[in-house]
Visitor: 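Just dropping this structure here.
This one's a predicted model, so the numbers in the text were calculated from it and none came from an experiment. Indexing begins at 1, ligand by ligand and atom by atom, following the structure's order.
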Amino acid sequence: GSPPIVLNVNGIEVIYNHVILVLKGVSLQVPEGGIVALLGGNGAGKTTTLRAVSNLLKGERGEVTKGSIELRGERIENLSPAELVRRGVVQVMEGRHCFAHLTIEENLLTGAYTRASKSEVAAGLEKVYAYFPRLKTRRGSQAAYTSGGEQQMCAIGRALMANPSMVLLDEPSMGLAPQIVEEVFEIVKDLNAKERVTFLLAEQNTNMALKYANYGYIMESGRIVMDGPAAELANNEDVKEFYLGMG
Ligand code: ATP
């Protein structure tokens with residue numbers, strides 16, 4: 001049969017600053033072991049959707065005012081981001097968010113706070129370095145002096161240090177050269193295949209995202225306007241006309 005649904009977002013509304021209605025009833029499902037892409041242009045609501053799931057809206061003066069979010073059948077709207085990390089859900093924020101003054105390895109270690117023992121942390125590091133050999137080479141470099149691609153890899157690596165079952169990845173392609181974007185997505189594909197990490201990724205780069213995702217949702221002005229298997233979306237005439245070539 002089909003894999004169980006890990007994440008079920010059901011008709012959520014999000015309001016910023018008590019007045020700005022940004023998500024107008026968003027529903028989506030992420031199956032166990034899937035790579036699901038959330039697509040759409042600037043300001044469509046992709047980041048807000050990810051923030052709603054990982055409960056990171058508060059700092060932005062946003063709140064979920066309608067609908068529900070379930071992780072494996074359990075409501076999670078009231079769980080703190082830290083509790084969500086303990087339950088295996090980790091967000092990689094847009095813009096890479098490495099600590100510029102820390103080395104790559106120190107950055108990775110900041111992601112390990114849910115790990116119980118030193119040996120677990122060491123094993124986590126080795127695993128990250130196995131997937132991101134570039135990070136191993138650059139482990140002693142201050143993040144500020146590494147490339148955009150390396151910083152994006154570092155941000156994903158840091159998320160992996162928490163041993164997540166699901167990663168919310170916000171705009172991994174942002175600001176990266178096409179070849180590096182491909183390199184990042186190849187690693188996502190590997191992590192998905194070998195570590196069974198489930199991904200929900202927000203992307204403006206529709207081309208690349210549909211190449212790697214199994215399923216896609218397209219957002220416009222706070223609503224899902226289309227969804228389907230990635231291959232179908234990639235061949236859809238409207239998608240081709242309005243979204244391919246973006247990003
Ligand atoms: P981007 O790729 O630019 O991040 P997005 O699809 O992720 O686009 P969001 O960042 O979710 O879109 O933004 C959706 C809408 O919410 C936009 O109109 C944006 O201006 C608005 N918005 C985002 N954050 C806030 C905030 N903290 N306060 C008020 N409005 C916000």
Visitor: Please could you name the atoms of ligand 1 that Glu60 approaches to less than 4.0 Å, counting only its heavy atoms?
Guide: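 This gives 27 (N) as the contact atoms.
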
Visitor: Test Ile224 against Met219 for side chain to side chain contact (heavy atoms under 4.5 Å, CB included), laying out the working first.
Guide: CA-CA 4 Å; Ile224 306 285; Met219 291 191 82; 3.8 Å; yes

Visitor: How about atom 15 (C) of ligand 1: does it have a protein heavy atom within less than 4.0 Å?
Guide: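 When distances to the protein are checked, atom 15 (C) of ligand 1 has a heavy atom within 4.0 Å.
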
Visitor: Heavy-atom distance to atom 17 (C) of ligand 1: which of Gly40, Gly43, Gly62, Gly222 wins?
Guide: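 Of the listed residues, Gly43 has the closest heavy atom.
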
Visitor: Check each atom of ligand 1 against the heavy atoms of Lys46 and keep those under 4.0 Å away; list them by number with element.
Guide: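 Counting from 1, the qualifying ligand atoms are 2 (O), 5 (P), 6 (O), 7 (O), 8 (O), 11 (O), 12 (O).
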
Visitor: Give a yes or no on whether Val22 and Leu50 share a hydrophobic cluster (residues Ile, Leu, Val, Met, Phe, Trp, Tyr; joining criterion: side-chain heavy atoms under 4.5 Å apart).
Guide: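 Linked within one cluster.
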
Visitor: Among Arg87, Arg72, Glu32, find the residue that satisfies the side-chain hydrogen bond (donor to acceptor under 3.5 Å, both in side chains) test when tested with Ser165.
Guide: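 So the option named by the test is Arg72.
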
Visitor: Counting only heavy atoms, which portion of Glu171 has something under 4.0 Å from ligand 1: side chain, backbone, both, or neither?
Guide: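 Looking at Glu171 and ligand 1, just side chain atoms fall under 4.0 Å.
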
Visitor: Got the closest protein heavy atom to atom 3 (O) of ligand 1, with its distance?
Guide: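 Result: Asn42 OD1, 2.4 Å.
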
Visitor: Look at atom NZ of Lys189 and say whether more than 12 heavy atoms of other residues, nucleotides or ligands are closer to it than 6.0 Å.
Guide: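 Open.
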
Visitor: In the protein, which heavy atom is nearest to atom 11 (O) of ligand 1, and how far is it?
Guide: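 Nearest protein contact, heavy atoms only, for atom 11 (O) of ligand 1 is Thr48 OG1, 2.5 Å.
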
Visitor: Checking Leu160 against Leu108 for the side chain to side chain contact (heavy atoms under 4.5 Å, CB included) test, could you report, in this order, the C-alpha distance in whole Å, the side-chain angles of both residues, the deciding distance, and whether it holds?
Guide: CA-CA 9 Å; Leu160 293 176; Leu108 294 176; over 6 Å; no

Visitor: Which heavy atom of the protein is the closest neighbour of atom 4 (O) of ligand 1, given with residue, atom name and distance?
Guide: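 Checking every protein heavy atom, the shortest distance to atom 4 (O) of ligand 1 gives Thr47 OG1, 3.1 Å.
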
Visitor: Please list, in number order, the atoms of ligand 1 under 4.0 Å from a heavy atom of Gly41.
Guide: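 Answer, ordered by atom number: 6 (O).
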
Visitor: Using distance alone, with no hydrogens and no angle criterion, decide if Tyr217 and Thr49 have a side-chain donor and acceptor under 3.5 Å apart.
Guide: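 Their side chains do not contain a donor-acceptor pair, so the 3.5 Å distance test is not met.
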
Visitor: Among all the protein's non-hydrogen atoms, which is closest to atom 12 (O) of ligand 1, and how far away is it?
Guide: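 Of every protein heavy atom, Gly45 N, 3.1 Å lies nearest to atom 12 (O) of ligand 1.
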
Visitor: Over all heavy atoms of both residues, which pair between Leu135 and Met153 is shortest? Give the atoms and the distance, please.
Guide: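 The answer is CD1-O, 3.6 Å.
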
Visitor: Can Glu126 and Lys136 be counted as an ion pair, charged N to O under 4.0 angstrom?
Guide: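 The answer is yes: the pair qualifies as a salt bridge.
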
Visitor: Which heavy-atom pair separates Phe99 from Ala143 by the least distance, and what is that distance?
Guide: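 Residues Phe99 and Ala143, closest heavy atoms: O-CB, 3.5 Å.
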
Visitor: Nearest to atom 30 (N) of ligand 1, what protein heavy atom do you find, and at what distance?
Guide: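 The closest one turns out to be Tyr16 CD1, 3.5 Å.
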
Visitor: Please say which of Asn55, Asn78, Ile12 ends up in a side chain to side chain contact (heavy atoms under 4.5 Å, CB included) with Ile69.
Guide: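 Running side chain to side chain contact (heavy atoms under 4.5 Å, CB included) over Asn55, Asn78, Ile12 with Ile69 returns exactly one hit, Ile12.
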
Visitor: Work out whether the distance between some heavy atom of Glu94 and some atom of ligand 1 is less than 4.0 Å.
Guide: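 The answer is yes, since Glu94 has a heavy atom less than 4.0 Å from ligand 1.
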
Visitor: What residue and atom, counting heavy atoms only, is the protein's closest point to atom 2 (O) of ligand 1, and at what distance?
Guide: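 Checked against all protein heavy atoms, atom 2 (O) of ligand 1 sits closest to Gln204 NE2, 3.1 Å.
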
Visitor: Which of the atoms of ligand 1 are close to Ala44, meaning less than 4.0 Å from one of its heavy atoms?
Guide: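 So the answer, numbered in order with elements, is 5 (P), 6 (O), 12 (O).
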
Visitor: Can you pull out the closest protein heavy atom to atom 21 (C) of ligand 1? Residue, atom name and distance to 0.1 Å, please.
Guide: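 Going atom by atom, the protein heavy atom closest to atom 21 (C) of ligand 1 ends up being Val22 CG2, 3.9 Å.
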
Visitor: Taking non-hydrogen atoms only, is Asn17 closer than 4.0 angstrom to ligand 1 via side chain, backbone, both or neither?
Guide: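 Contact part for Asn17 vs ligand 1: side chain (C-beta onward).
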
